[in-house]
Amino acid sequence: MGHLGNELGAIFARGFEAAGLDPRLGDVRRSDKPDMADFQCNGALAGAKAAKRNPREIATQIAEAVTGQGPIASVEIAGPGFLNIRVTDDALARTAAAIRTDTNMAGASKVADPQTLILDFGGANVAKPMHVGHLRTAVIGDTLQRVLRFLGDQVTSDIHMGDWGLQMGHLITELEDEQPGLPYFDAAKTGPFPRQSPVTIDDLSRLYPQASAKAKDDPERNKRSQQAVAEMQAGRAGYRALLQHFVDVSIKALKIDYGFLGVSFDLWLGEKDAEPFIPDMVADIKARGLAKEDDGAWIIPVEREGDTKDYPPFMLLNSRGASMYHTSDLATILDRVQTYSPDRMLYVVDQRQALHFEQVFRAAEIVGYISEDRLEHLGFGTVNGTDGKPFKTRAGGTLKLGDLTNMALDEANKKIEEGGRLSADIGPDERARIGQLVARAALRFADLQNTRTTNYVFDLDRFTSFEGKTGPYLLYQAVRIKSLLRKAADEGNVAGDIRIESDAERALVLTLDGFSLALQQTRDKRMPHILCEHVYNLAQSFAAFYGAHKIASEDDADLRASRIALCQAVANQLNIGLDLIGIEAPERM
RNA sequence: GUCCCCGUAGCUCAGCCGGAUAGAGCGCCGGAUUCCUAAUCCGGAGGCCACAGGUUCAAAUCCUGUCGGGGACGCCA
């Protein structure tokens with residue numbers, strides 16, 4: 001909770017304790033009746049039953065105990081025992097002043113229990129272009145990494161690429177068909193191989209679907225790919241060298257899409273990097289008698305007493321003796337535990353994989369790598385079109401992420417130009433830059449403002465609008481403050497002591513005060529939409545304040561200096577908040 | 001069949017560790033510009049919170065069931 005919320009909560013907790021009641025009843029939160037109160041406490045109602053007392057009587061006792069303390073201006077009892085709290089203008093002014101000068105945290109505070117975390121998101125595949133589903137894991141994961149770091153957690157992010165499956169076999173064999181003369185296909189050759197990749201990203205995105213289609217109705221073709229995978233796993237040098245080229249070329253392409261979205265990773269590891277751990281891991285698990293043979297495969301049973309649903313077993317090795325999705329995920333856990341000793345590992349992966357992760361997490365605990373409760377699957381819903389069905393191209397195919405970002409960019413540029421509001425002296429380079437920032441803001445905010453776990457409808461026209469609850473609206477407000485403060489500085493208007501006198505100012509500072517709580521909840525629940533909600537409220541409160549008052553043109557010098565200082569407080573928190581969402585505002589637009 | 005998520009204003013979504021007249025954006029209606037960007041702001045209309053039971057002083061929120069939508073369920077990842 002924010003500065004004021006914290007102070008009040010502590011005061012009320014002491015009040016309840018002194019009255020012989022549970023101090024947790026002193027929970028204070030923003031009032032949902034702004035015309036009646038700034039904050040409210042409902043503890044008297046909740047405590048009445050346990051204490052077998054009249055709630056109004058308790059409320060009266062608490063109100064008398066806390067009146068006059070700290071930031072409290074008044075406490076009134078309403079209805080059956082609601083405690084309505086007003087804070088003093090002075091306390092609000094101090095809060096705003098503190099947020100203004102707190103350039104690091106803007107009123108938020110570091111957590112008391114910082115953790116070492118591995119954040120697994122991205123999940124891009126080699127050779128397969130990213131699609132709309134990758135947008136979600138990218139922006140949710142990236143926002144969480146920004147927020148968690150900001151609050152003091154030690155975060156290591158890993159894209160965990162899909163670089164080890166059958167698709168690699170498809171690529172190898174299909175490339176062999178096209179260019180059989182390449183040295184990589186000489187089984188006897190151990191190296192060295194050319195440093196220049198034999199394929200481009202365009203080659204890869206052509207070869208994979210090509211091979212995949214052939215393998216679909218030709219079992220022999222599929223077998224060749226499986227064979228290639230097996231040989232690659234066994235260490236065939238030419239195939240390993242090709243794999244590395246495929247990975248390098250893919251990463252280069254991925255960085256373009258991620259760069260556009262402002263998404264970054266500490267580690268660009270993948271399934272293949274867990275692979276060296278697999279043989280010993282499997283042998284060890286077998287040796288300890290934790291796995292058993294079943295239908296020719298090696299499995300780890302993960303069902304438990306009291307389960308209310310069926311748990312299929314964890315697949316350690318399939319009946320051909322090959323490692324699988326489960327295996328590489330478990331090996332990755334082992335690697336991460338050994339390398340980073342994390343307190344927790346977080347996976348930002350599609351909700352549909354919930355059962356998979358339950359199996360993996362149980363297996364990880366069974367084999368003793370890490371306890372299940374330190375592994376979290378942060379699932380997310382699907383991106384749907386305006387028809388409510390999964391988002392597709394007009395032709396019905398999967399929409400590539402790159403195409404989506406281009407659509408957003410076109411739409412953003414269109415809206416910027418058709419508004420005709422950019423001043424004429426903004427040149428083409430700056431216009432292009434503004435278009436990119438608007439498109440990024442539109443995409444990221446659109447995705448993040450929705451509850452993580454649910455599906456949402458993707459409506460590009462709505463998301464790129466400058467009106468409404470959108471990224472571009474946030475940008476507009478941020479730019480507006482920047483321009484205002486820049487102009488004020490040019491005219492020699494400086495900030496001064498903050499005075500809180502109007503409803504718009506009160507509302508604005510109370511919103512500022514909620515930043516800390518919003519971040520806390522975003523962390524606790526791993527839910528970025530809570531932060532989005534706060535940042536949007538802040539932008540809106542500012543817009544209302546801006547509409548209600550003169551700022552730089554205010555005649556009263558003290559008032560002018562106060563309002564400029566308040567704007568600086570807002571600018572500070574808004575910029576930090578936007579940055580945590582991964583949105584950057586241009587200097588002007 | 002078992003299990004998971006969802007069903008809130010015309011549309012898109014918040015709220016869900018129970019609390020006072022259920023919020024926001026879009027759309028609709030009506031206002032505001034000699035004043036720092038009106039890409040804005042202010043006001044209004046609009047909801048038996050899918051349905052039925054139950055728990056409670058109090059239920060959109062908790063429990064049970066029904067209906068409707070989405071999803072997962074051993075050798076793909």
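The model shown is predicted, which means the values in this text are computed figures rather than measured ones. To find a chain, count down the sequence lines: A is the first, B the second, and so on, and within it residues start at 1.
- Heavy-atom nearest nucleotides on RNA chain B were determined for A:Leu166 and for A:Pro80, and the one closer to the 5' end corresponds to A:Pro80.
- Checking A:Tyr456 against A:Asp447 by side-chain atom types alone, a donor-acceptor pair falls below 3.5 Å.
- Across B:A77, B:A20, B:C42, the shortest atom-to-atom separation from the side chain of A:Tyr325 is found for B:A77.
- Comparing B:A77, B:G19, B:A14 against the side chain of A:Glu533 picks out B:A14 as the nearest.
- Within 6.0 Å of the NZ atom in A:Lys400, the count of heavy atoms belonging to other residues, nucleotides or ligands does not exceed 12.
- Look at A:His529 and you'll find a side-chain N or O under 4.0 angstrom from OP1 or OP2 of B:G15.
- Across all strands, A:Asn84 comes closer than 4.0 Å to base atoms (heavy-atom distances).
- A:Lys487 has its side chain out of reach of A:Leu484: every pair of non-hydrogen atoms, C-beta onward, lies at least 4.5 Å apart.
- Closest contact between the side chain of A:Arg462 and the listed nucleotides B:G25, B:U12, B:C73 involves B:U12.
- Note: A:Phe445 and A:Tyr473 fail the aromatic proximity criterion, with ring centroids not under 6.0 Å apart.
- Taking atom C1' on both B:U12 and B:G46, the two are 16 Å apart, rounded to the nearest angstrom.
- The side chain of A:Lys469 approaches B:G25 more closely than any other nucleotide in the set B:A72, B:G25, B:C35.
- Using C1' as the reference atom, B:A14 and B:A9 are 13 Å apart when rounded to the nearest Å.
- Under the 6.0 Å distance and 45° angle rule, A:Arg29 does not count as a cation-pi partner of A:Phe39.
- Listed nucleotides B:C36, B:C42, B:A72 differ in distance to A:Ala544; the shortest reach to its side chain belongs to B:C42.
- If you check every strand for non-hydrogen atoms under 4.0 Å, A:Ser328 touches nothing.
- Stacking is found between A:Phe82 and the pyrimidine-like six-membered ring of the B:A20 base under the 5.5 Å centre-distance and 30° plane-angle cut-offs.
- Looking at heavy-atom distances under 4.0 Å, A:Tyr311 makes no contact with the nucleic acid at all.
- Not a single donor-acceptor pair, N or O on each side, falls under 3.5 Å between the base of B:A14 and the side chain of A:Gln449.
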Taking only Watson-Crick and G-U wobble pairs with both distances under 3.5 Å, what dot-bracket line describes RNA chain B, where [ ] shows pairs that cross earlier ones and | shows pairs with another strand?
(((((((..((((.....[...)))).(((((.......))))).....(((((..]....))))))))))))....

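- For A:Asn318, the side-chain atoms get nearest to B:C75 when compared with the rest of B:C13, B:C75, B:A77.
- For A:Arg560 and B:C36, the shortest distance from a side-chain N or O to OP1 or OP2 is not below 4.0 Å.
- Base contact: A:Met315 has a heavy atom under 4.0 Å from a base atom.
- Glycosidic conformation at B:G7 (O4'-C1'-N9-C4 for purines, O4'-C1'-N1-C2 for pyrimidines): anti, more than 90° from 0.
- Residue-level contact check: A:Thr451 touches the backbone only, with heavy atoms under 4.0 Å from sugar-phosphate atoms and none from bases.
- The same atom, C1', is picked in B:C11 and in B:U33; the two are 31 Å apart, to the nearest Å.
- The phosphate of B:C41 has OP1 or OP2 within less than 4.0 Å of a side-chain N or O from A:Tyr473.
- B:G27 atom C1' lies 13 Å from atom CG of A:Asp461, rounded to whole Å.
- Rounded to the nearest Å, the gap between the C1' atom of B:C63 and that of B:U55 is 7 Å.
- A:Ala488 and A:Ile564 make their closest contact through CB-CD1, 4.0 Å (heavy atoms, listed as atom of the first residue, atom of the second, distance).
- Out of B:C35, B:U37, B:G23, the shortest distance to the side chain of A:Lys550 is found at B:C35.
- Here A:Asp294 lies in heavy-atom contact (under 4.0 Å) with a base.
- For A:Lys309, the NZ atom counts as densely surrounded, since its 6.0 Å shell holds more than 12 non-hydrogen atoms of other residues, nucleotides or ligands.
- With hydrogens and angles left out, the side chain of A:Thr453 and the base of B:C5 share no donor-acceptor pair within 3.5 Å.
- When the side-chain nitrogen and oxygen atoms of A:Lys309 are compared with OP1 and OP2 of B:A72, none of them lie within a distance under 4.0 Å.
- A:Arg362 forms a cation-pi arrangement with A:Tyr311, by the criterion of a distance under 6.0 Å to the ring centre and an angle within 45° of the ring axis.
- Residue A:Asp32 has its side chain nearest to B:A20 when only B:A20, B:C41, B:A77 are considered.
- Among the protein residues, A:Glu467 comes within range of the sugar-phosphate backbone only, with heavy atoms under 4.0 Å from sugar or phosphate atoms but none that close to a base.
- Taking the P atoms as reference points, B:C73 lies 31 Å from B:C16, given to the whole Å.
- A:Ala78 comes within 4.0 angstrom of a base, heavy atoms only.
- Between A:Arg30 atom CZ and B:A24 atom C1' the separation is 15 Å, expressed in whole Å.
- In this model, a donor atom of one side chain and an acceptor atom of the other lie less than 3.5 Å apart for A:His549 and A:Arg563.
- For the side chain to side chain donor-acceptor pair (under 3.5 Å) with A:Thr173, the lone residue among A:Gln227, A:Lys223, A:Arg221, A:Gln226 that qualifies is A:Arg221.
- Within 4.0 Å (heavy atoms only), A:Gln359 reaches no atom of the nucleic acid at all.
- Using a 4.0 Å cut-off, some side-chain N or O of A:Gln540 falls inside it from OP1 or OP2 of B:G25.
- A:Phe466 places its CZ atom 15 Å from the P atom of B:C26, with the value rounded to the nearest Å.
- A close approach under 4.0 Å does not occur between any side-chain nitrogen or oxygen of A:Thr454 and OP1 or OP2 of B:G7.
- Using a 4.0 Å heavy-atom distance criterion, A:Ser319 is classed as a base contact.
- Comparing the same atom, P, in B:U61 and in B:A22 gives a spacing of 14 Å after rounding to whole Å.
- Protein atom CD1 of A:Ile530 is 11 Å distant from nucleotide atom P of B:C17, rounded to whole Å.
- Across all strands shown, A:Ala297 has heavy atoms under 4.0 Å from base atoms, whether or not it also approaches the sugar-phosphate.
- B:G71 sits 36 Å from B:C28 when the C1' atoms are compared, rounded to a whole Å.
- Across all strands shown, A:Pro313 has heavy atoms under 4.0 Å from base atoms, whether or not it also approaches the sugar-phosphate.
- Comparing B:A72, B:A20, B:U12 by their closest approach to the side chain of A:Val457 singles out B:U12.
- Using bins of under 30°, 30° to 60° and over 60° for the plane-to-plane angle, the ring pair A:His326/A:His356 lands in the parallel bin.
- No contact: A:Asp459 has no heavy atom under 4.0 Å from any strand.
- Where A:Gln226 and A:Asp35 each meet RNA chain B at their nearest nucleotide, the meeting point lying more 5' is that of A:Asp35.
- If you take atom P in B:C51 and the same atom in B:A60, they sit 11 Å apart, rounded to whole Å.
- No engagement by A:His326 is indicated, since no non-hydrogen atom pair under 4.0 Å with the nucleic acid exists.
- Counting only N and O atoms by type, the side chains of A:Arg352 and A:Thr382 include no donor and acceptor under 3.5 Å apart.
- Counting only heavy atoms from C-beta on, A:Arg320 has its side chain closest to B:C76 among B:G74, B:A77, B:C76.
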